[in-house]
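Everything on this sheet refers to the single structure shown next.
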Amino acid sequence: MSVQPTLSGGDRTTKTEIRFHDTMSGQTEPFVPLVPGEVHSYTCGPTVYDFAHIGNFRTFVFQDVLRRYLKSRGFRVIQVMNLTDVDDRIIQKSAAAGVSIREYTDKYIQAYMDDRRALNLEPPEYIARATEHIDDMVELIQRLTAKGFTYTSEGSTYYRIANFPAYGKLSKIDVAGMQTGTRVDMDRYDKDNARDFALWKAHKPGEHFWETPIGPGRPGWHIECAAMALKYLGDTLDIHSGGVDLTFPHHENEIAESEAATGKKFVRYWLHAEHLLIDHEKMSKSLGNFATLRELFSHGHKPSAIRFLLASVPYRRQLNFTPESLQGAASSVERLRNFVSRIRAEKFPEGSSPAIVERAAKAKDEFDRGMADDLNTAQALAAIFDLVRDANTAMDRGEFRKGDAAPVLEVMEMFDAIFAVLRDDDAEKLSALGISPNRHSLSDAEVDAIVAERQAARKRRDFAASDRIRDQLAERGIILEDSRDGGVRWKRK
Ligand SMILES: [Zn+2]
């Protein structure tokens, strides 16, 4: 690992050169932004048709670690995140619920923002709702049309991928043998179905639409991100990041759109986070291993433990999410918090010990070297835990002195500027989400047992007991629904 002065960063100290793995080149490369000291970064945000799940948050935590690290290295970060608040699923679900798409998505945007706060995700500089940027999308489609990259069919506008010879360069698909002129109307499809994709979808009866110069309709998903990225960040971005499943078709199509329109390179570094697995399996609703953040919170898991676990595995490695790994993350956070409290609370003898001061400097250097190496958070954390162990030992032996506290705490602050788990505010955050921290002890089986007890009380017509049990469960966030036939169902609030 070479150590050299950063030419591009805002910092003037000698630090390790930052390197990122770029999906486009397939290589880990020195990170040099276009404008010295400034990073223009685009993040694909959620499609707000439901609560975001823990797999989504793996990517959002990675993006937060990325921006925090760049900031800690002195860069001014300008990050844009979109909110996809119109798409096939949103249209279907809002229609089924009998509400406007605005009303339908507002609820999930609010929930998403609350979840972000619970995980200490810093707000991006721009949060852009797709439905507030329809004009920008229409304008970009018109630019593409003027350059001959589009055609229309039955009121929809499609991107002609045959006219963009570089198509496939990010996802490395071969489009040579592909039939030209075949189209796909869906936003999500696989590599085998690479086709001309919809930029603008013609209005269908009953669907929400916008009246525009390119006809009545609504945008396709891929044009949203391209239009908003170009609007806020310019023709060439430094970093575009997202989950690995967005590589194709979403990011491939964003490249085709923006590069065809501007004639310039769209993105200098493509960073993709790997999947999150639950018990070694891909998370899916059909497997029943699909977890939202709120479900985890109401089962007693702390926001700090979840953030720590998601941040601790380097983003390009698959992350296996299990109850044990969450437990491990919770104890790691405890250990770090206890360590900092101990240094702040204990009385140490005057003076300082050169060995500890040196130890802290080494940890600082190793932490930064881990982070600079394509955000190797595991390596960075190892440096922190080594320091914690050595400093604890020194304190146990009475070798830790008053003057050692500041340099060690400085390392912990540097760590926390990125990991953001040291503040003991989990209970506060859960109650902000309306989740009471003291009701977590009940497992499903325990609830079932208490409910059965209440059923027995009802059967013997002991309604005082039955009501008391109902109230006690309500206090712990369990709601009972009695049915007319004497049965009962329960759910968590
Ligand atoms: Zn996107």
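One-based numbering, in listed order, for ligands and for the atoms of each.
Checking side-chain atoms of Glu254 against main-chain N and O of His222 turns up no donor-acceptor pair under 3.5 Å.
Looking only at side-chain heavy atoms (C-beta outward), Phe20 and Ile239 come within less than 4.5 Å of each other. Taking the side chain as every heavy atom from C-beta outward, Arg58 and Glu274 approach each other to under 4.5 Å. Two residues are said to be in side-chain contact when any heavy atoms from C-beta on lie closer than 4.5 Å; Tyr315 and Thr377 fail this criterion.
Between the side chains of Gln110 and Asp114, at least one donor N or O sits under 3.5 Å from an acceptor N or O.
Asp50 and Arg89 are not joined by a salt bridge, as no carboxylate oxygen comes within less than 4.0 angstrom of a charged side-chain nitrogen.
Counting only protein atoms, the N, O or S atoms lying less than 2.8 Å from the Zn ion (ligand 1) are Cys44 SG, Cys225 SG, His250 NE2, ordered by chain and residue number.
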